[in-house]
Amino acid sequence: VFTGVRLFHTGGGLGFSAAYNQGLAAGRETRHRFFFLVNNDVTLTPGALRLLRETCENENVGLVGPTLFFSSQPSSVWASGGKISKLTASIRGVKDLSTRIVEDVDYVPAAALFTRASVWDQVGGFSEDYCFTFEEAQFAVETQRLGYRVVVNREAISFHQVGESSSLEPHFFYNKVRSRIRFARFLHGRSIGWLIGLLSNFFRSGTLMRQRILLAAISDEIMGKPLT
């Protein structure tokens with residue numbers, strides 16, 4: 001039992017982005033200068049949260065994340081910030097650790113994300129065009145467009161209990177196909193974005209099952225069906 005903790009019920013399965021937006025809107029107070037978004041399967045080492053706050057107090061930093069190691073393999077990096085390929089509208093975690101303590105990255109995984117309340121407000125929170133992937137990448141790009149740095153603090157160590165099989169699940173693949181198209185449209189505009197999103201997804205289709213899911217996802221995206 002924890003004191004000072006408020007539970008907020010969203011009323012249903014809203015998806016990652018909408019749930020975070022509602023939770024922060026319901027729980028924030030005017031005195032809050034920073035927000036720390038963290039998954040329930042992430043464990044921070046002592047002092048990590050302090051390092052994130054100190055980094056974000058730098059006036060030109062709008063968003064910072066920790067270095068996340070696998071909980072099951074504590075010596076292996078899951079992500080230390082992330083890279084965005086605008087050409088393929090794809091994202092991936094950075095695995096290699098540089099010697100710099102604080103380093104600029106393209107985005108910070110939403111598993112553990114520390115940001116200014118003012119930046120969150122200016123961006124408008126997570127885009128609810130997404131359900132549970134790519135929202136952190138768009139948030140980072142919009143943060144950079146406001147003139148802020150997006151960085152990772154390599155000394156802020158955390159551990160993530162990653163669901164290794166999630167990327168193989170049909171629903172995850174379906175969601176990622178549609179989200180990649182939306183992210184490509186955000187980066188490149190409607191027409192070019194559609195083309196880049198389609199080509200990038202086709203190169204990732206692989207098995208016959210995935211090809212069927214891919215076609216269903218594209219059809220649903222064209223029809224404008226809700227993404228859940």
Side-chain angles (χ1 to χ4, degrees), residues 7-24 37-43 65 68 70-73 76 78-79 82-86 88-95 106-113 125-141 158-188 190 193-228:
L7 293 178
F8 175 75
H9 297 280
T10 63
L14 302 180
F16 188 91
S17 300
Y20 256 125
N21 289 343
Q22 284 199 17
L24 284 174
L37 285 62
V38 60
N39 284 10
N40 62 354
D41 58 359
V42 170
T43 303
L68 289 158
F70 287 94
S71 294
S72 58
Q73 298 177 339
S76 297
W78 179 69
K83 296 287 292 183
I84 297 173
S85 170
K86 293 184 178 180
T88 61
S90 59
I91 60 176
R92 64 174 179 83
V94 174
K95 306 289 186 182
D106 292 340
Y107 77 97
V108 170
L113 182 157
F126 282 150
S127 170
E128 295 182 16
D129 285 343
Y130 311 100
C131 186
F132 58 78
T133 182
F134 285 99
E135 65 285 321
E136 70 265 65
Q138 179 165 328
F139 182 79
V141 171
S158 303
F159 295 92
H160 190 197
Q161 186 67 46
V162 182
E164 294 295 336
S165 62
S166 61
S167 61
L168 304 178
E169 295 175 358
H171 182 65
F172 183 90
F173 181 70
Y174 168 92
N175 196 296
K176 203 163 188 178
V177 167
R178 296 187 62 183
S179 294
R180 181 176 285 109
I181 292 171
R182 296 181 180 198
F183 186 56
R185 287 165 56 188
F186 162 73
L187 291 173
H188 302 286
R190 183 175 181 85
W194 256 107
L195 178 60
I196 290 175
L198 289 174
L199 290 174
S200 184
N201 279 317
F202 272 115
F203 282 121
R204 290 172 170 80
S205 57
T207 65
L208 179 60
M209 182 187 74
R210 281 198 165 196
Q211 291 172 7
R212 290 173 177 170
I213 296 171
L214 172 68
L215 293 176
I218 293 172
S219 175
D220 289 349
E221 187 66 16
I222 292 173
M223 297 293 290
K225 291 186 178 181
L227 182 58
T228 59

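In what follows, residues are counted from 1 in the order of the sequence shown.
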Closest non-hydrogen atom pair, [X] against [Y]:
{"X": "K86", "Y": "H188", "answer": "O-NE2, 2.6 Å"}
{"X": "A111", "Y": "H160", "answer": "CB-CE1, 3.9 Å"}
{"X": "V177", "Y": "A217", "answer": "CG1-CB, 3.6 Å"}
{"X": "P226", "Y": "R178", "answer": "O-NH1, 3.6 Å"}
{"X": "Q138", "Y": "S127", "answer": "NE2-CB, 3.5 Å"}
{"X": "F134", "Y": "A89", "answer": "CE2-O, 3.5 Å"}

Determine yes or no for a side-chain-to-main-chain donor-acceptor pair under 3.5 angstrom, with [X] supplying the side chain and [Y] the backbone.
{"X": "S179", "Y": "N175", "answer": "yes"}
{"X": "Q211", "Y": "M209", "answer": "no"}
{"X": "S219", "Y": "A216", "answer": "no"}

Task: Plane angle bin for H171 and F132 - parallel if under 30°, tilted between 30 and 60°, otherwise perpendicular - done: tilted

- [ ] Look at atom NZ of K95 and say whether more than 12 heavy atoms of other residues, nucleotides or ligands are closer to it than 6.0 Å.
- [x] yes

- [ ] Please say whether more than 12 non-hydrogen atoms of neighbouring residues, nucleotides or ligands are located less than 6.0 Å from CZ in R212.
- [x] no

Open item on the list: When you measure from the centre of the six-membered ring of F173, is the NZ or CZ of R210 closer than 6.0 Å and no more than 45° off the axis?
Closed with: yes

Rounded to the nearest 0.5 Å, what separates atom [atom1] in [X] from atom [atom2] in [Y]?
{"X": "Q161", "Y": "T43", "atom1": "CD", "atom2": "OG1", "value": "8.5 Å"}
{"X": "F139", "Y": "L113", "atom1": "CZ", "atom2": "CG", "value": "6.0 Å"}
{"X": "N201", "Y": "I181", "atom1": "CG", "atom2": "CD1", "value": "5.0 Å"}
{"X": "L208", "Y": "I213", "atom1": "CG", "atom2": "CD1", "value": "10.0 Å"}

Quick one, [X] and [Y] - any side-chain contact, counting heavy atoms below 4.5 Å?
{"X": "R182", "Y": "L227", "result": "yes"}
{"X": "F16", "Y": "L37", "result": "no"}
{"X": "D220", "Y": "Y174", "result": "yes"}
{"X": "L24", "Y": "F126", "result": "no"}
{"X": "Y107", "Y": "V141", "result": "no"}
{"X": "F183", "Y": "I84", "result": "yes"}

Task: Verdict with supporting geometry, V94 and D106, side chain to side chain contact (heavy atoms under 4.5 Å, CB included) - done: CA-CA 10 Å; V94 174; D106 292 340; over 6 Å; no

- [ ] Take R204 and K176 through the test side chain to side chain contact (heavy atoms under 4.5 Å, CB included) and record every step on the way to the result.
- [x] CA-CA 11 Å; R204 290 172 170 80; K176 203 163 188 178; over 6 Å; no

